[in-house]
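Accompanying notes for the structure given below.
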There are 2 protein chains.
Amino acid sequence: MAREIPDATVARLPIYRRSLVELASTGAEMVSSAALADLAGVNAAKVRKDLSYLGTYGVRGVGYDVKFLLRQIGDALGLDIETPVVIVGMGNLGQALAHYGGFSSRGFPIVALVDASDAKVGEVVDGITISHIDDLAAIVDEHAIAVGIIATPAEAAQAVADALVAAGVRSILSFAPSVLHVPETVPLRKVDLATELQILGYYQQRESPAEGGNTDKSA
Amino acid sequence: MAREIPDATVARLPIYRRSLVELASTGAEMVSSAALADLAGVNAAKVRKDLSYLGTYGVRGVGYDVKFLLRQIGDALGLDIETPVVIVGMGNLGQALAHYGGFSSRGFPIVALVDASDAKVGEVVDGITISHIDDLAAIVDEHAIAVGIIATPAEAAQAVADALVAAGVRSILSFAPSVLHVPETVPLRKVDLATELQILGYYQQRESPAEGGNTDKSA
DNA sequence: TACCGCTTGTGCACCGGCGCACAAGCGCAT
DNA sequence: ATGCGCTTGTGCGCCGGTGCACAAGCGGTA
């Protein structure tokens with residue numbers, strides 16, 4: 001049960017999952033590591049090794065059971081239950097994220113929106129009324145919110161992160177272009193749009209022979 | 001001149017840059033690797049080694065010249081000139097990205113917006129009129145666009161990527177949750193919002209003692 | 001001029017990840 | 001029942017990245 005899954009593998013599991021969902025919708029029952037590797041854009045050996053961390057469920061000479069594998073990956077990622085999310089910061093990005101359907105459809109329903117500006121509080125976005133950040137703790141508690149998304153300007157990000165942690169959120173996804181400090185027990189991931197472009201700039205300028213150095217090197 | 005900067009270092013340069021801009025605005029002239037490391041949330045030795053790839057510009061016993069370092073990093077990332085960007089896909093995410101000021105302010109002005117839907121074409125977002133995707137090649141040519149941002153649904157992403165490459169875009173940033181294939185000469189980076197949440201799900205479920213396994217492990 | 005404190009630059013050992021390549025093993029056909 | 005083809009599971013060598021720890025070197029002071 002207490003399997004230790006390497007970070008690199010964890011980062012790929014959602015990709016496999018996506019590919020498997022697609023496969024399942026075509027009616028496929030079984031899939032080989034080579035076929036899955038092709039869909040996910042990675043090496044076949046890597047697929048096999050990654051899946052072996054979930055426990056071994058492949059059948060030699062045949063492949064993997066698509067549905068079973070989907071359940072295994074879902075379990076590993078904790079997707080068996082819905083994980084409520086709050087978005088902090090209702091600027092352009094926050095509003096777009098609120099409208100973005102990809103979260104809810106993948107088990108991360110957005111149940112609350114929060115902003116610091118009185119002008120925004122009370123406004124309704126995508127069916128949810130924006131609350132004031134001062135009420136964050138109560139909101140997190142009420143909806144049993146596990147994940148906080150930070151979509152504020154950089155200056156506010158650390159204070160928001162602190163507030164989210166204090167309110168009991170268990171992990172954080174930040175879009176703010178700043179360094180954040182959170183307790184070790186709170187997983188934190190950062191996505192910085194401008195940084196991504198700057199990285200591209202380097203490789204583009206070099207007429208790069210290689211990929212842009214992403215976490216996953218897949219094409 | 002033909003310095004080979006490791007991928008991991010390139011990914012950190014924008015972070016350093018951000019920290020240095022902040023520092024410069026406080027009037028600081030010099031900065032030590034330790035101070036910069038603190039701001040950027042990384043190890044001091046790593047900072048020194050990273051900067052050494054730019055050529056050596058630190059002074060022992062003193063530190064680095066903030067302005068000079070900023071220029072060095074800017075040069076390495078190709079930020080000396082503006083890099084025009086086109087956004088493809090004017091759904092929620094595309095519109096948010098169009099409004100997001102962080103791109104233009106960092107040397108990546110958004111000069112064109114494109115969509116496949118006739119309903120959207122002609123609409124004005126953030127001062128730019130949405131064009132039809134069929135005109136992509138002409139638009140890229142006219143504005144000398146170097147970077148394409150894909151903000152379409154997964155199904156359309158590969159076709160858009162192909163069109164961007166054919167139109168002469170030199171690098172691509174994709175937000176579509178799908179695997180994309182592009183020529184080796186075109187740097188590609190991917191950001192998948194739902195994937196990020198799923199990864200968090202794993203660590204959260206494990207009451208992780210570690211960070212979320214980001215590309216950069218900094219706090 | 002000589003010394004001292006501070007900071008850079010880097011050699012080195014370690015670690016995680018990658019992917020080749022092969023043995024182990026399943027199922028089907030004969 | 002036997003054998004064959006196909007696919008998994010993994011050992012192993014390799015490579016990039018990391019960070020400690022130390023020598024090299026600058027500037028200010030006496």
Side-chain angles (χ1 to χ4, degrees), chain A residues 3-13 15-16 23 28-66 68-69 72 199 203 208-219, chain B residues 3-13 15-16 23 28-66 68-69 72 199 203 208-219:
Chain A
R3 272 187 253 16
E4 268 296 302
I5 306 185
D7 288 350
T9 295
V10 172
R12 280 188 294 269
L13 290 181
I15 318 280
Y16 297 149
L23 260 176
E29 303 266 331
M30 302 296 285
V31 62
S32 71
S33 62
L36 183 52
D38 203 47
L39 280 173
V42 300
N43 180 284
K46 205 185 292 188
V47 169
R48 292 197 294 274
K49 204 169 286 187
D50 284 344
L51 297 184
S52 78
Y53 290 114
L54 304 179
T56 295
Y57 296 104
V59 180
R60 293 166 194 242
V62 178
Y64 300 86
D65 183 291
V66 174
F68 191 67
L69 200 48
Q72 290 301 319
I199 294 172
Y203 292 101
S208 154
E211 288 254 318
N214 234 329
T215 301
D216 66 300
K217 291 290 189 84
S218 63
Chain B
R3 272 188 255 15
E4 269 296 304
I5 305 185
D7 288 350
T9 294
V10 171
R12 279 188 295 268
L13 289 181
I15 318 280
Y16 297 149
L23 261 176
E29 303 266 330
M30 303 295 286
V31 62
S32 71
S33 63
L36 183 52
D38 201 48
L39 280 173
V42 302
N43 180 285
K46 205 185 292 186
V47 169
R48 292 197 294 274
K49 204 169 285 188
D50 284 346
L51 297 185
S52 77
Y53 290 114
L54 304 179
T56 295
Y57 296 104
V59 180
R60 292 167 195 241
V62 179
Y64 300 85
D65 182 291
V66 174
F68 192 67
L69 200 49
Q72 290 301 320
I199 294 172
Y203 292 101
S208 155
E211 289 254 318
N214 235 330
T215 301
D216 68 301
K217 291 291 188 84
S218 63

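None of these values were measured; they are calculated from a predicted model.
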Just how far, in rounded Å, is C1' of dT10(D) from NZ of Lys46(A)? 16 Å
Quick one: Tyr53(B) OH to dT8(C) P, roughly how many Å, whole number? 17 Å
Taken to the nearest whole Å, CE/Met30(A) to P/dT8(D) is 9 Å
So which heavy atom on Leu36(A) is nearest to which on Val31(A), and how close? N-CG2, 3.8 Å
Closest contact, heavy atoms only, Tyr53(B) versus Pro6(B): CZ-CG, 3.6 Å
Residues that Val59(B) engages under side chain to side chain contact (heavy atoms under 4.5 Å, CB included), provided they are two or more places apart: Val62(B)
What contact category does Ala8(A) fall into here, base, sugar-phosphate, or nothing, at under 4.0 angstrom with non-hydrogen atoms? sugar-phosphate
Find the distance Leu51(A):CG to dT10(D):C1' and express it as a whole number of Å. 14 Å
Might you list the N or O atoms of the protein lying below 3.5 Å from N or O atoms in nucleotides 3-7 of chain C, with each pair's distance?
{"unit_1": "dT7(C)", "atom_1": "O4'", "unit_2": "Gly61(B)", "atom_2": "N", "d": "3.1"}
{"unit_1": "dT7(C)", "atom_1": "O2", "unit_2": "Gly61(B)", "atom_2": "N", "d": "3.3"}

Can you measure Asn43(A) atom CG to dC18(C) atom C1' for me and round it to whole angstrom units? 8 Å
Just to verify, which of Leu54(B), Leu39(B), Val42(B), Leu69(B) counts as forming a side chain to side chain contact (heavy atoms under 4.5 Å, CB included) with Tyr16(B)? Val42(B)
Of all heavy-atom pairs linking Gln72(A) and Tyr57(A), the shortest is OE1-CE1, 3.4 Å
For Ala28(A), enumerate each residue passing the side chain to side chain contact (heavy atoms under 4.5 Å, CB included) test, keeping only those at least two apart in sequence or located in another chain. Leu23(A), Thr26(A)
Can you name the closest pair of heavy atoms from Asn43(A) and Ala37(A) and give their distance? C-CB, 3.8 Å
Atom-pair distance (CG on Asp65(B); P on dC26(D)), nearest Å: 17 Å
How close or far is atom P of dG9(D) from atom OH of Tyr57(A), stated in whole angstroms? 11 Å
Mind checking what makes side chain to side chain contact (heavy atoms under 4.5 Å, CB included) contact with Asp65(A), not counting sequence neighbours? Met30(A), Lys67(A), Phe68(A)
Applying side chain to side chain contact (heavy atoms under 4.5 Å, CB included) to Ser32(A) and not counting sequence neighbours gives Ala34(A), Ala35(A)
Report all interatomic pairs (protein N or O, nucleotide N or O of nucleotides 11-14 of chain D) with separations under 3.5 Å.
{"unit_1": "dG11(D)", "atom_1": "O6", "unit_2": "Lys49(A)", "atom_2": "NZ", "d": "3.2"}

Nucleotide dG17(C), atom C1' - distance to CD of Glu4(A) in whole Å: 15 Å
